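Remarks on the structure that follows.
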Amino acid sequence: MGNSAKKETSARARQTAILRAIFDAAFERFGPRHWWPGETDEEIVIGAVLTQNTAWANVEKAIANLREARMLSLKALDRAGESEVAQRIRPAGYYNLKARRLKALARFLVERCDGNLSRLRHADPAALRADLLQVYGVGPETADSILLYALSMPIFVIDAYTRRILARHGLARPNASYDELQKLFQSNLAPDAPYYNEYHALLVAVGHRHCKPTPRCADCPLYRAALFATRRSHAEAQRHTRPEVV
DNA sequence: GTCCAGTATC
DNA sequence: GATACGGGAC
């Protein structure tokens with residue numbers, strides 16, 4: 001092996017070690033998170049649309065409304081009128097928009113698997129992802145949430161918290177693309193759906209409680225862990241994200 | 001960059 | 001009252 005190849009290999013091993021350290025530190029504090037908190041795979045798909053840029057507490061109300069109206073299934077949503085769906089999901093916000101998105105996704109999945117998601121469990125993840133991205137209202141995070149949480153495929157979900165946490169620890173550029181961040185995880189961690197599942201859930205927990213727009217680093221479980229792995233970049237990131245806190 | 005929108009939390 | 005939320009389309 002040449003010198004540059006060796007360097008690449010050790011850089012990759014280091015990245016892997018850092019990513020594992022972050023998982024371990026977060027898991028010790030918050031895990032296991034038991035995500036996705038849906039009862040059925042269809043409920044997870046529906047929740048994936050409802051939770052777009054929306055707090056989960058509000059999504060739960062919308063899901064409860066759909067359940068009460070017997071509309072918490074892909075076939076039911078496919079049959080239902082858009083304005084009826086919109087009224088039911090009001091608590092989740094963006095209700096007109098999300099009603100159209102739910103209808104589009106329900107149509108696609110009824111067409112694809114008769115609304116029976118278990119039939120997709122052995123589909124090719126990359127191909128299915130490409131198809132999902134063609135559906136109105138399904139972007140990368142929603143598509144990947146479906147693949148990972150409803151279909152148990154080893155696809156890493158990136159969200160706003162993930163981006164923020166990585167950027168603040170100097171592991172990614174603040175404006176890194178979704179695909180870039182996903183590649184960081186998937187090329188450094190073995191494909192493992194349960195591990196990816198737990199990892200994303202843990203990042204959300206860290207983001208929600210500590211890595212907020214105004215960060216609370218003091219008792220963050222990643223503070224010591226990341227300091228150990230990337231002392232310099234963490235300190236650097238801190239300078240830019242915590243102007244008033246040491 | 002702007003729009004979509006109700007709800008919780010400070 | 002202001003901020004933030006488990007994004008995506010245009």
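Everything numeric in this text was worked out from a predicted model, so none of it was measured. So you know, we letter chains A, B, ... as the sequences are listed, proteins then strands, and number each from 1.
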Using atom C1' of each nucleotide, how far apart are B:dG1 and C:dG6 to the nearest Å?
-> 23 Å

Would you say the side-chain atoms of A:Glu198 pair up with the backbone N or O of A:Arg33, donor to acceptor, closer than 3.5 Å?
-> yes

In 5'-to-3' order, the base (B), backbone-only (S) or no-contact (-) status of each nucleotide in nucleotides 5-10 of chain C, using a 4.0 angstrom heavy-atom cut-off, is BBBBS-

The salt bridge (charged side-chain N to carboxylate O under 4.0 Å, His left out) partners of A:Glu43 (sequence neighbours excluded) come to A:Arg67

Between A:Tyr95 and A:Lys61, who's closer to the 5' end of DNA chain B by nearest nucleotide?
-> A:Tyr95

Interface limits on DNA chain B, where chain A has a heavy atom under 4.0 Å of a nucleotide atom | B:dC4 to B:dA8

Answer yes if the ring centres of A:Tyr199 and A:Phe27 are under 6.0 angstrom apart, and no otherwise.
-> no

Which part of the nucleic acid does A:Lys98 contact within heavy-atom distance under 4.0 Å: base, sugar-phosphate only, or nothing?
-> nothing

Distance-only side-chain donor-acceptor flag, A:Ser118 / A:Asn116, under 3.5 Å = yes

A:Ala160 backbone acceptor or donor facing A:Thr162 side chain under 3.5 Å = no

Are side-chain N/O atoms of A:Asp41 and A:Tyr149 paired as donor and acceptor at under 3.5 Å?
-> no

Taking every heavy atom of A:Ser152 against every heavy atom of A:Ala193, the minimum-distance pair comes out as O-CB, 3.3 Å

Between B:dT2 and C:dT3, how far is it from one P atom to the other, in whole Å?
-> 16 Å

What interatomic distance, in whole Å, is found between P of B:dA5 and the corresponding atom of C:dC10?
-> 14 Å

Sub-6.0 Å ring centroid separation between A:Trp35 and A:Trp56 | no

